2 protein chains.
Amino acid sequence: MGASARNVLFIMADQLRWDHLSCAGHPHLRTPNLDALAARGTRFTEAYVQSGICGPSRMSYYTGRYVSSHGATHNRVPLSVGEVTLGWHLREAGRTLALAGKTHMLPDARGMRRLALDGQHDLKALLDEGWFTLVDRHDGHHAEPDSAYADYLRAQGYDSADPWTDYVISVTDDQGEVRSGWKMRNARFPARVREEHSETAYTTDHAIRFMEQQGDRPWVLHLSYVKPHWPYIAPAPYHAMYGPGQCLPVQRAEEERGPDAHPILRAFQDEEVAQSFQKDEAVATIRPAYQGLIAQLDDHLGRVWSAMERLGRWDDTLVIMCSDHGDYLGDHWLGEKELFHDVVQRVPMILYDPAPEARRGAVEDRFVEAVDIVPTILDALGLPAAPHVVEGRSLLPLLRGERTPWRDAVFSELDWTFRGARRRLGLPTGHHHAWMVRTDRWKYVHWTSGIPPMLHDLHADPQEFSDLGRHPAHEDIRAEMRERLLAWFTGLKRRTTLTWDEAEFRTDRHKAAGVFYGEW
Amino acid sequence: MGASARNVLFIMADQLRWDHLSCAGHPHLRTPNLDALAARGTRFTEAYVQSGICGPSRMSYYTGRYVSSHGATHNRVPLSVGEVTLGWHLREAGRTLALAGKTHMLPDARGMRRLALDGQHDLKALLDEGWFTLVDRHDGHHAEPDSAYADYLRAQGYDSADPWTDYVISVTDDQGEVRSGWKMRNARFPARVREEHSETAYTTDHAIRFMEQQGDRPWVLHLSYVKPHWPYIAPAPYHAMYGPGQCLPVQRAEEERGPDAHPILRAFQDEEVAQSFQKDEAVATIRPAYQGLIAQLDDHLGRVWSAMERLGRWDDTLVIMCSDHGDYLGDHWLGEKELFHDVVQRVPMILYDPAPEARRGAVEDRFVEAVDIVPTILDALGLPAAPHVVEGRSLLPLLRGERTPWRDAVFSELDWTFRGARRRLGLPTGHHHAWMVRTDRWKYVHWTSGIPPMLHDLHADPQEFSDLGRHPAHEDIRAEMRERLLAWFTGLKRRTTLTWDEAEFRTDRHKAAGVFYGEW
């Protein structure tokens with residue numbers, strides 16, 4: 001399309017469901033700043049991630065490649081040192097990818113040892129971060145007593161060796177007792193950390209300071225929040241902003257846990273987090289806190305928007321707002337994420353393009369995927385598209401309302417080797433994967449390890465209660481979905497060490513290289 | 001299985017067809033030393049490569065991974081710096097993989113630059129060679145005037161800046177004129193190089209010297225010949241050892257080049273090498289020379305066997321003899337290789353296992369693949385199997401005649417982006433691939449880029465003349481083959497940065513890591 005922006009603000013929330021925005025139709029939750037971004041740009045109603053769990057989903061966002069291509073199939077599976085990330089694409093063009101917040105990036109320690117890259121040097125620091133340059137990294141979700149955030153909290157007077165555990169995810173109950181936010185029952189109480197020192201505030205502070213310090217130097221910033229991901233502990237006043245009656249009703253049906261339910265669905269319903277969320281009290285406790293965390297996030301995005309206004313950045317900055325996946329919150333008798341229901345796989349996605357030709361307040365229902373973000377950023381900055389490695393497509397044409405041939409299905413994947421469900425089904429360690437094909441009407445999930453498929457008719461059953469995966473009448477649909485999956489596999493980018501221009505140059509060129517085979 | 005060998009001699013011929021061994025039934029060609037190896041061990045009658053062209057086939061031999069996994073899809077497509085080779089597996093165990101001859105390995109220059117590995121250091125030398133340690137590398141097939149082999153030839157008195165071009169692949173015709181071996185018509189004349197200085201002799205000399213010098217120190221050697229690959233120039237007396245009447249008859253049918261022939265088949269028949277081989281005179285000229293080169297190779301293998309006898313190496317050495325692919329030699333109106341007929345995809349494969357329980361003189365018809373070689377070597381040496389990355393299976397159980405569940409299909413791939421055929425079909429650079437599924441009865445080839453499939457009934461049509469790929473009556477077979485291909489894709493190893501033991505250790509382990517989500 002050609003360059004349209006000097007800067008990129010690539011915002012990600014963690015575990016934010018697509019339906020928890022007021023502009024997406026939530027009847028009670030108010031997200032005025034997300035709504036304002038949607039009014040400035042395009043909101044994608046059918047945006048899907050490449051995996052319903054943080055690590056692999058983020059590696060797809062950061063590489064523009066499907067999970068089967070980048071290989072970081074689950075949390076804490078390192079991204080191979082052979083994979084190319086957005087940070088490297090930018091660096092090749094003399095640009096830098098800055099980070100404030102979370103990435104879930106894990107160094108490929110074995111690969112780096114093989115390549116003798118495990119010593120102390122500047123390159124190792126970049127490789128450890130997947131070519132992000134840190135403004136501040138804060139991955140959240142577990143104690144990091146030696147982190148910059150812990151130091152910051154101590155400097156604010158939170159006197160603890162582990163202030164995250166003792167203040168950020170601890171609460172004071174109505175008896176004045178300190179309780180751990182790891183216990184979901186305590187999500188009704190406020191965090192012991194003051195709102196302005198919370199994770200969301202802290203990461204926002206870093207981002208705004210970064211934008212200020214850059215002045216007129218161009219930048220690309222990943223502003224990556226750890227919320228509303230668990231522990232579901234919100235600081236006051238957000239912990240009490242919503243009540244159970246202001247939450248979406250839980251979506252679950254008896255047939256989903258009956259004797260004919262899919263074995264994987266049942267096995268995941270036996271995970272501890274699912275058992276907890278099967279309690280009505282848990283849903284009634286967690287959903288309001290989750291909404292409070294989103295409202296807080298939205299308020300801090302308002303601070304970001306104001307800073308951009310003050311700095312003139314709405315004129316020259318591409319803004320992307322998305323999430324790495326959703327959260328069951330008790331739907332389908334499940335907690336957490338990983339499986340393939342829309343509440344996990346479908347995410348908020350709002351893009352603002354400063355180009356004059358971009359649409360404003362547009363609502364776009366064509367399918368988009370996490371892998372589209374890297375090519376969109378490269379396109380907006382006028383950088384080479386790298387089609388030999390990038391598997392997504394630039395969204396700029398959609399932001400401008402252009403008619404262009406487009407995909408009619410999205411794909412997501414799961415490596416469930418690491419889950420207790422795998423052991424409970426009697427399967428050894430190794431290779432246990434699943435792939436989702438989702439079209440407008442059908443959602444098909446293909447499993448290895450002898451597990452039968454899942455199939456949902458989303459027109460007849462938008463809540464995804466009825467699994468037709470073993471229903472004889474739908475074998476033709478399943479066969480069609482398998483054909484789509486095969487076509488998708490054949491389209492993955494494997495030849496990543498040569499560009500397409502190089503392939504063109506080398507075509508039929510043996511004689512120029514001094515090789516004259518075939519002459520009679 | 002447990003260790004059975006201290007040493008491994010991994011021999012590869014280049015472009016040697018499965019049917020050009022006397023033990024495989026060739027009626028005229030004599031290969032007594034290959035036959036002797038078969039008598040000592042197991043000859044696999046159904047051995048297939050992962051790609052019908054040198055580079056990708058070899059990278060599958062050297063990684064134990066399919067082409068879609070290792071990504072080096074064509075000649076001179078670098079193997080990603082993220083891929084793990086046999087040389088590294090051995091090095092992790094304190095062993096070394098030595099090379100005498102050809103690998104077709106090309107450094108991943110872009111990846112190494114990204115990782116700042118492009119300077120001058122010992123590691124770069126290893127990475128450039130894919131973790132082979134050179135005894136002597138000689139890739140053949142093109143002039144290398146600065147190579148060790150060129151220096152060797154000059155030291156023997158071949159006075160030339162480029163003795164390979166001027167002597168090894170040049171001939172003296174019956175008028176006493178010097179002519180180039182690049183012209184296939186000249187294959188009837190003897191090479192200007194003396195037999196004992198030819199490529200096959202030179203590489204054998206290096207291998208024998210290496211074995212001698214190792215003494216009783218254990219070793220793994222890849223003895224990798226560049227012959228009988230083109231230029232088809234044999235030194236005397238081998239150039240005249242066979243006549244056209246002692247060659248296999250050319251296998252081609254009119255329907256293969258008729259108007260209903262497959263568009264890819266026809267496009268490849270328009271390549272210059274195919275046009276040349278369509279001349280009866282070319283077949284009658286090249287096939288005898290090709291057989292001469294094989295007879296020469298066999299004689300030098302006799303030298304290797306004698307050296308092993310003298311050194312006592314038959315007691316403690318696993319021997320593998322294979323080829324990277326075959327050669328059309330005019331069959332199917334084609335020259336060279338790349339497409340999926342058995343004369344290209346099926347290769348000689350003979351293994352000798354020194355273990356007492358191994359079978360002697362066995363003929364094994366279960367399907368084996370190039371990816372099986374790495375796991376066989378690791379198994380024979382008693383080293384970890386690395387199932388998180390290796391996709392083949394150890395052949396030791398088959399060498400010992402064990403009943404074990406085994407595969408019933410083999411898979412091969414082609415990236416034809418680099419071929420003139422792609423341009424002649426009007427397709428742009430990019431992503432043009434094909435996959436073969438071969439069972440006992442069926443051979444199915446799946447193409448991208450809107451190209452129709454190919455299908456052969458090998459029971460009814462063992463010569464592969466009749467393409468049923470668009471025949472309405474066989475849609476059920478094609479659908480079954482696509483299901484097999486999909487199952488194969490889902491089984492590829494993507495999560496290569498963690499071992500399976502690590503995956504087991506990490507399963508359901510979040511609480512041990514200090515993460516207590518899901519507790520009510």
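Protein chains get the first letters and strands the later ones, always in sequence-line order, with residue 1 at the start of each. Predicted model, so just to flag it, every value in this text is computed and none were measured.
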With a 4.5 angstrom heavy-atom cut-off, could you sort out which part of [X] is near chain B: side chain, backbone, both or neither?
| X | result |
| --- | --- |
| A/L492 | backbone |
| A/S68 | both |
| A/L127 | side chain |
| A/H431 | both |
| A/K124 | neither |

>> So, applying side chain to side chain contact (heavy atoms under 4.5 Å, CB included) with B/F418, which one of A/H510, A/R495, A/E504 is it?
In response: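 One option only clears the test, and that one is A/R495.
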> Which region of B/P78, side chain (C-beta onward) or backbone (N, CA, C, O), has a non-hydrogen atom less than 4.5 Å from a non-hydrogen atom of chain A, or is it both or neither?
Replying inline: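 Both parts, backbone and side chain.
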> Which residues in residues 513-520 of chain A have any heavy atom lying under 4.5 Å from a heavy atom of chain B?
Replying inline: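 Residues of residues 513-520 of chain A touching chain B at under 4.5 Å: A/G514, A/V515, A/F516, A/Y517, A/G518, A/E519, A/W520.
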>> Measuring from atom CH2 of B/W488 to atom CG of A/L486, what distance do you get when rounded to the nearest 0.5 angstrom?
In response: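 Reported value, rounded in 0.5 Å steps: 10.5 Å.
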> Could you state the interatomic distance from CG (B/L485) to OG1 (A/T490), rounded to the nearest 0.5 Å?
Replying inline: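 The distance works out to 8.0 Å.
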Answer yes or no: is there an ion pair linking [X] with [Y], defined by an N-O contact shorter than 4.0 Å?
| X | Y | answer |
| --- | --- | --- |
| B/R113 | A/E92 | yes |
| A/E502 | B/R110 | yes |
| A/K511 | B/E272 | yes |
| A/R423 | B/D508 | no |

> Where the side chain of A/T497 meets the backbone of B/D108, is there a donor-acceptor pair that is under 3.5 Å apart?
Replying inline: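 No, the answer is negative, given that no donor and acceptor are paired below the 3.5 Å cut-off.
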>> Pairing donors with acceptors under 3.5 angstrom, does anything connect the side chains of A/T507 and B/R422?
In response: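 Yes.
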